Q: 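I have a structure here, written as structure tokens, and I will follow up with some questions on it.
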Number of protein chains: 2
Amino acid sequence: MTESRWLNREEMGTWRALVAMNNRLFARLDEELARAHSISLAEYEVLVQLSEAPGGALRMSDLAERALVSRSGLTRRLDGMVEAGLVCRQACPSDRRGTLAVLTERGREALEAAAPTHVAGVRRHLLDPLSPAQLEGLGEALRTVLARLEQDDPGK
Amino acid sequence: MTESRWLNREEMGTWRALVAMNNRLFARLDEELARAHSISLAEYEVLVQLSEAPGGALRMSDLAERALVSRSGLTRRLDGMVEAGLVCRQACPSDRRGTLAVLTERGREALEAAAPTHVAGVRRHLLDPLSPAQLEGLGEALRTVLARLEQDDPGK
DNA sequence: GCACAACTGTTGTGCTTACAACTATATTTC
DNA sequence: GAAATATAGTTGTAAGCACAACAGTTGTGC
């Protein structure tokens with residue numbers, strides 16, 4: 001850090017494009033989901049993670065990690081989803097400290113209803129504008145950067 | 001949306017890598033800036049925008065747009081930065097409705113002190129892990145997606 | 001030149017999130 | 001097997017943000 005090379009025009013542009021693209025992309029996807037199905041992108045992610053888990057159930061900590069949210073954040077997020085009937089809490093049979101978040105029938109229906117909207121949004125805003133080569137390059141770059149980030153900070 | 005093609009493994013992987021990479025990258029950069037210089041990435045962005053403006057000053061609405069934050073959000077963000085002495089507010093001479101956010105000497109020093117940390121973080125976590133070809137591809141893809149997003153929603 | 005619309009920045013309010021503290025339970029250590 | 005330690009989930013609290021409403025100012029149409 002004592003000797004820091006400045007960002008050139010290309011590098012600065014890439015960084016700013018990342019920031020701006022993120023801002024717009026996630027705002028757009030969230031808005032489309034909220035408008036069409038009255039759920040947030042964050043809630044949608046919870047539904048997806050649960051639907052992919054055996055029995056549609058996950059421990060709170062496990063779900064928090066997969067949904068990229070803090071445990072306390074997940075507690076609050078789930079509160080709303082329980083009230084909406086999308087999920088329910090169950091005592092964990094093998095660990096009495098634990099709580100299972102469980103997808104309800106209504107939650108599964110909500111996911112199946114919302115998924116096409118979400119997928120269409122990801123396609124329209126992210127995948128479709130890119131050529132196959134660009135898309136492959138993007139995926140490769142994202143995975144490379146992510147791998148390095150996870151390697152540098154394995155703790156979380 | 002009536003006929004929605006599902007995401008294949010590659011597409012799903014790219015989407016999830018984007019989400020995960022974002023989460024980690026911005027958290028990391030924010031944390032490094034907070035630890036080393038006691039400012040947030042959001043505050044840093046305000047300093048950068050002001051430093052690039054003539055006279056180190058911008059109208060609130062203009063600054064909000066550049067910093068990708070709502071006008072009310074910027075009002076609150078600036079409150080803290082004024083209290084920290086990084087910026088000050090001045091009446092706009094040409095429009096009595098307006099307020100100028102102005103970079104102070106202390107703010108410019110803070111920016112110059114923090115910039116190496118930020119640049120080093122962007123390099124280490126985003127740019128360095130990529131080959132020149134990957135980096136060029138990433139930049140191209142990001143700009144393409146961003147351009148489409150802005151085209152679809154020119155209002156903002 | 002006056003009524004009306006548009007714009008500027010701030011404020012009230014509510015939502016979402018994270019951190020730290022807390023209770024309850026599980027695991028480890030000796 | 002008892003004490004110390006670790007873990008699970010929730011809660012208090014605070015920070016950050018957006019939307020809507022507001023007062024003050026500017027622009028427009030006639």
Side-chain angles (χ1 to χ4, degrees), chain A residues 19 22-24 26-31 33-35 38-46 50 57-84 86-102 155-156, chain B residues 19 22-24 26-31 33-35 38-46 50 57-84 87-102 153 155-156:
Chain A
V19 173
N22 276 335
N23 236 54
R24 284 179 185 265
F26 290 104
R28 184 73 68 87
L29 293 174
D30 188 59
E31 179 197 341
L33 223 38
R35 186 181 312 276
S38 300
I39 66 173
S40 67
L41 186 55
E43 289 168 334
Y44 179 82
E45 289 296 337
V46 168
L50 288 178
L58 282 173
R59 293 288 294 269
M60 290 295 286
S61 292
D62 199 356
L63 178 54
E65 191 172 349
R66 298 186 195 206
L68 303 178
V69 69
S70 71
R71 277 171 302 157
S72 68
L74 179 63
T75 291
R76 264 67 175 249
R77 190 182 297 179
L78 223 71
D79 288 345
M81 298 180 71
V82 166
E83 191 163 8
L86 302 174
V87 296
C88 63
R89 283 182 167 93
Q90 284 181 15
C92 176
S94 61
D95 185 340
R96 293 202 300 178
R97 294 170 302 181
T99 301
L100 289 173
V102 187
K156 192 183 176 188
Chain B
V19 174
N22 276 336
N23 235 48
R24 284 177 185 267
F26 290 104
R28 183 72 68 87
L29 293 175
D30 189 59
E31 180 197 340
L33 223 38
R35 186 182 310 278
S38 301
I39 66 172
S40 67
L41 187 55
E43 290 168 333
Y44 179 82
E45 289 297 338
V46 167
L50 288 179
L58 281 173
R59 291 287 294 268
M60 291 296 286
S61 292
D62 199 354
L63 178 53
E65 191 173 348
R66 298 187 195 206
L68 303 176
V69 69
S70 69
R71 277 171 303 156
S72 67
L74 179 64
T75 291
R76 265 66 178 249
R77 190 183 295 178
L78 223 71
D79 287 346
M81 298 180 71
V82 167
E83 192 162 8
V87 296
C88 63
R89 284 183 166 92
Q90 286 182 13
C92 177
S94 62
D95 184 340
R96 291 203 301 176
R97 294 170 301 184
T99 302
L100 289 173
V102 187
D153 182 12
K156 191 183 174 188

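Proteins come first, then strands; the chains are lettered A, B, ... in the order of their sequence lines, and each starts at number 1. For the numbers below, each heavy atom of this structure counts, side chains included, while hydrogens, waters and symmetry mates do not. Only a predicted model underlies this, so the values are computations on that prediction, with no experimental measurement involved.
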Q: So what is the end-to-end bend of the helix from C:dG1-D:dC30 to C:dC30-D:dG1, with 5 pairs used at each end and the value given to 10 degrees?
A: 30°
Q: Could you state the atom-to-atom distance from CZ of A:R71 to P of D:dA8 in whole Å?
A: 7 Å
Q: Rounding to a whole Å, what distance do you find between B:L63:CG and C:dT8:P?
A: 14 Å
Q: Just the rounded figure in Å: distance from C1' of C:dT10 to CG of B:L74.
A: 11 Å
Q: Does B:R89 reach the side chain of B:T75, with side-chain heavy atoms less than 4.5 Å apart?
A: yes
Q: In whole Å, what is the span from the CZ atom of A:R97 to the P atom of D:dT10?
A: 14 Å
Q: How many angstroms lie between CG in B:D30 and CD1 in B:I39, if you round to the nearest 0.5 Å?
A: 9.5 Å
Q: For the base of C:dG14, is there a side-chain donor-acceptor partner from A:R76 under 3.5 Å away?
A: no
Q: Under 4.0 Å between a side-chain N/O of B:R59 and OP1 or OP2 of C:dG9, yes or no?
A: yes
Q: For B:T99, which contact category applies under a 4.0 Å heavy-atom criterion: base, sugar-phosphate, or nothing?
A: sugar-phosphate
Q: Could you state the interatomic distance from CD (A:E45) to CG (A:L63), rounded to the nearest 0.5 Å?
A: 10.5 Å
Q: Rounded at 0.5 Å granularity, tell me how far CG in B:L29 sits from OH in B:Y44.
A: 10.0 Å
Q: Out of curiosity, A:L74 CG to A:L68 CG, how far, rounded to the nearest 0.5 Å?
A: 11.5 Å
Q: Starting at OG of B:S70, measure out to CZ of B:R77 and round the result to the nearest 0.5 Å.
A: 8.5 Å
Q: Output yes when at least one side-chain N/O atom of B:R77 is less than 4.0 Å from OP1 or OP2 of D:dC17, else no.
A: yes
Q: Could you tell me whether A:S61 contacts a base, only the sugar-phosphate backbone, or nothing, with contacts defined as non-hydrogen atoms closer than 4.0 Å?
A: sugar-phosphate
Q: I want to verify a distance call: between D:dT11, D:dT25, C:dG9, whose nearest atom is closest to the B:R96 side chain?
A: D:dT25
Q: Taking atom P of C:dC15 as reference, at what distance in whole Å does atom CD of A:E83 sit?
A: 11 Å
Q: Rounded to the nearest 0.5 Å, what separates atom SG in B:C92 from atom CE in B:M60?
A: 12.5 Å
Q: To the nearest Å, how far apart are A:D95 CG and D:dA6 P?
A: 17 Å
Q: A:S72 side chain N/O closer than 4.0 Å to the phosphate oxygens (OP1, OP2) of C:dT17?
A: no
Q: Quickly work out the A:M60 CE to C:dA24 P distance and round it to whole Å.
A: 19 Å
Q: The side chain of B:T75 is closest to which nucleotide in this list: D:dC17, C:dT17, C:dG9?
A: C:dG9
Q: Please report, rounded to the nearest Å, how far the C1' atom of C:dT16 is from the CG atom of A:D30.
A: 11 Å
